[in-house]
Amino acid sequence: MEQNPNWWKQAVIYQIYPRSFQDSNADGYGDIPGIISRLDYLKTLGIDAIWLSPVCRSPQYDNGYDVSDYQDIDPMFGTLEDMDRLISEAKKRDIRIILDLVLNHTSHEHPWFLEAKKSRDNPYHDFYIWRDAEPGERTDGSIADFGDGSWQWVPEVEQFYYYQFSVWQPDLNWSNPKVRQALYDMINWWSDRGVGGFRLDVVDHLGKEPFQHIKVDGPKLHDYIKEMSAAAFRRPGLVTVGEAWSSNPTSAKLYSNPDGSELSMVFQFEHILLDKQPGGDKWDLAALPLRKFKDVMCRWQQSLHGCGWNSLFYENHDLPRIVSRWGDEGKYRVESAKMLAILLFGMEGTPYIYQGQELGMTNIHLGLEEYNDIETRNMIAARRAAGYSDESILRSAYGRSRDNARTPMQWSDAPNAGFTEGTPWLKVNENYPEINAEKQVDQPGSVFECYRELIRLRREYPVITGGSFDLLLEEDEDIFAYTRTDGAHKLLVICNFRDREIENPLKEQLRNMTCLISNYDMPSDTLRPYEAMMYYQ
Ligand code: TEU
């Protein structure tokens, strides 16, 4: 694999949220030695690379997406030596480590910011984005809202700094070449340590123009990415994936241009944004409109074929559990978790599995006071102030809170699911005696074994990597079916999204094909609840 610079086109990437994966020192937080102790589990699953959510030093206001030292490990997770050991232990198992780079902003405790706010002529002042007070504007330190994005007053310099996420995450000034160079140097320092790739947090925000109210897709964005790529991403085999909520197939072709001038691929979120009320935000829940979902996936598959590259995912540390979201977390949990997996793994692109997805882990019911995530807490406060009932707020949090993904990994039926011998930082889902890794590894019929087999199939059948995509049964309200075709072979995937038995309009077509994987034991002419099949010829 080392020889092939595009290894990531056949690869499957596994995301670890370190604070929730495996605790090794009983402090209730997952850590790097804990990850090392679970590498053999990941090898059994068959993944090629691990995307590690941020482990750099951070005051953890946004769980590490607020970095105070890019070149050190947060003591919560271990030391730089632990990180070096993780890289080498993973390498022994042919697994690469992908670091999460938060380049849009730093923590307010980063030394650059501590310097920047000392005086207007400090050499680091220009590392951030400042504006003077307007005449008559309150300057007592309160948060001022300035249209798009927000500004926070700093008395020492009598100016506001700009931030797009929390007030503890001041935005870096990307128009300053010194900022960009400092970041590129840092990236190269990590590559020299043996890191195999990078996930770029909110990459579409890097070209922001706060004074023109532009947050994403700024005019200089792609120039910056090209410059960064030339300065830091041209190492053989390095994989890069940008998080780009605003991307569309046109911009994704730039980001993932096969000439390698920008990134390997981006995460796009068009499918993720479908199940909400029109005009509402992510907390205003709605069912998944299946036909729209099919259209969106089909458009991305076809638009990037041959001229870009997709990443394939449903879950990450910001999103709810997919089986609770688009499947059935009750009676048909196993069937629907596998159906969703089969659907995604037949597509063109690089699949990502978020920790616990391979077990069919579900959302968690927390009390309103138990939510930990900053985004959820802000929502609860805002909706209470706006008069929403606690019941409706809870429903939104259950459906969409980022904490759903952040509950500890369920390893076994031991106390705290085998995650920690201390008190976990966030509650373990109480379904862990039922849903855990120990119960699933090597157990025929488990969700884990389904993912393991899907990973194996991607390696064995080139049509999955390279075939062109065609949607079948476009108008069907219940079935998602498609083919992948290359010169020699055809793959056909058919999935029933409903919890009831329905006709299988493709049954004749399947007669001459071989079944590679399905989620029911015995064949049937109908499609049973959440039935999914992948056929080949
Ligand atoms: O997320 C970017 C982002 O836009 C999120 O705020 C997203 O809208 C939200 O989580 C959806 O629920 C990235 C990281 O993935 C996230 O964890 C960080 O909080 C954020 O950037 C700031 O760094």
Side-chain angles (χ1 to χ4, degrees), residues 13 15-20 51-68 70 74 98-110 113 148-150 162-172 174 183 198-208 214-218 221 241-247 266-276 280-285 311 313-322 324-325 352 354-355 363 371-380 382-383 396-407 426:
I13 299 177
Q15 183 189 353
I16 289 182
Y17 196 62
R19 62 159 59 205
S20 302
W51 151 27
L52 216 55
S53 275
V55 287
C56 288
R57 196 177 272 273
S58 158
Q60 305 285 334
Y61 285 86
D62 188 19
N63 292 4
Y65 287 90
D66 49 324
V67 177
S68 57
Y70 289 105
D74 196 274
I98 296 172
L99 273 201
D100 206 322
L101 290 175
V102 190
L103 307 178
N104 176 68
H105 44 268
T106 67
S107 159
H108 67 309
E109 293 182 14
H110 193 290
F113 190 69
D148 293 330
S150 297
Y162 178 69
Y163 67 91
Q164 296 187 58
F165 293 91
S166 79
V167 67
W168 304 289
Q169 291 160 299
D171 269 55
L172 281 166
W174 266 71
L183 294 171
F198 300 98
R199 178 259 187 192
L200 291 94
D201 192 55
V202 293
V203 74
D204 50 343
H205 291 245
L206 299 182
K208 69 219 146 187
I214 298 174
K215 290 175 95 172
V216 293
D217 292 334
L221 173 64
V241 51
E243 181 203 26
W245 282 78
S246 68
S247 60
V266 282
F267 294 119
Q268 63 85 13
F269 293 81
E270 217 181 319
H271 58 310
I272 294 297
L273 294 168
L274 290 173
D275 52 355
K276 61 182 176 76
D281 62 25
K282 76 172 206 175
W283 306 106
D284 299 308
L285 315 183
S311 35
F313 75 99
Y314 298 124
E315 292 188 17
N316 66 32
H317 63 291
D318 293 332
L319 302 174
R321 295 294 185 173
I322 199 60
S324 300
R325 187 177 192 176
Y352 288 75
Y354 177 73
Q355 65 184 44
N363 284 355
Y371 281 96
N372 171 284
D373 166 41
I374 189 173
E375 186 193 44
T376 313
R377 290 206 316 263
N378 288 345
M379 178 280 283
I380 295 171
R383 292 212 160 185
S396 295
Y398 182 70
R400 293 291 181 274
S401 171
R402 307 199 294 184
D403 282 338
N404 287 308
R406 300 176 180 187
T407 62
L426 183 66

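Order of appearance sets the numbers: ligands from 1, and atoms from 1 within every ligand. Computed from a predicted model, the values in this text were never measured in an experiment.
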| task | Taking the six-membered ring for Trp and the single ring otherwise, decide whether the centroids of Tyr162 and His105 are under 6.0 Å apart. | result |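 Here the rings of His105 and Tyr162 have centres that are no less than 6.0 Å from each other.
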| task | Using heavy atoms and a cut-off under 4.0 Å, could you grab the residues that are in contact with ligand 1, chain by chain, numbers ascending? | result |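 Contacts of ligand 1 under 4.0 Å: Asp62, Tyr65, His105, Phe165, Gln169, Arg199, Asp201, Val202, Glu243, Trp245, Lys282, His317, Asp318, Glu375, Arg402, Arg406.
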| said: Under 4.0 Å between a side-chain nitrogen and a carboxylate oxygen: does that hold for Arg402 and Asp318? | reply: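 Salt bridge present between Arg402 and Asp318.
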| query | Side-chain donor-acceptor pair under 3.5 Å between Asp204 and Trp245, yes or no? | reply |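 Distance-only check fails for Asp204 and Trp245.
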| message | Applying side chain to side chain contact (heavy atoms under 4.5 Å, CB included), can you list everything that pairs with Ser68, at least two apart in sequence or on another chain? | response |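 Ser68: side chain to side chain contact (heavy atoms under 4.5 Å, CB included) contacts with Arg57, Pro59, Ser107, Glu109.
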| request: Report the C-alpha separation of Ser166 and Asp62 in whole Å, then their side-chain angles, then the decisive distance to 0.1 Å, and conclude whether the side-chain hydrogen bond (donor to acceptor under 3.5 Å, both in side chains) test is met. | output: CA-CA 8 Å; Ser166 79; Asp62 188 19; over 6 Å; no
| request: Step by step, work out the ring-ring contact (aromatic ring centres under 6.0 Å, His included) result for Phe267 and Trp51. | output: CA-CA 13 Å; Phe267 294 119; Trp51 151 27; 5.3 Å; yes
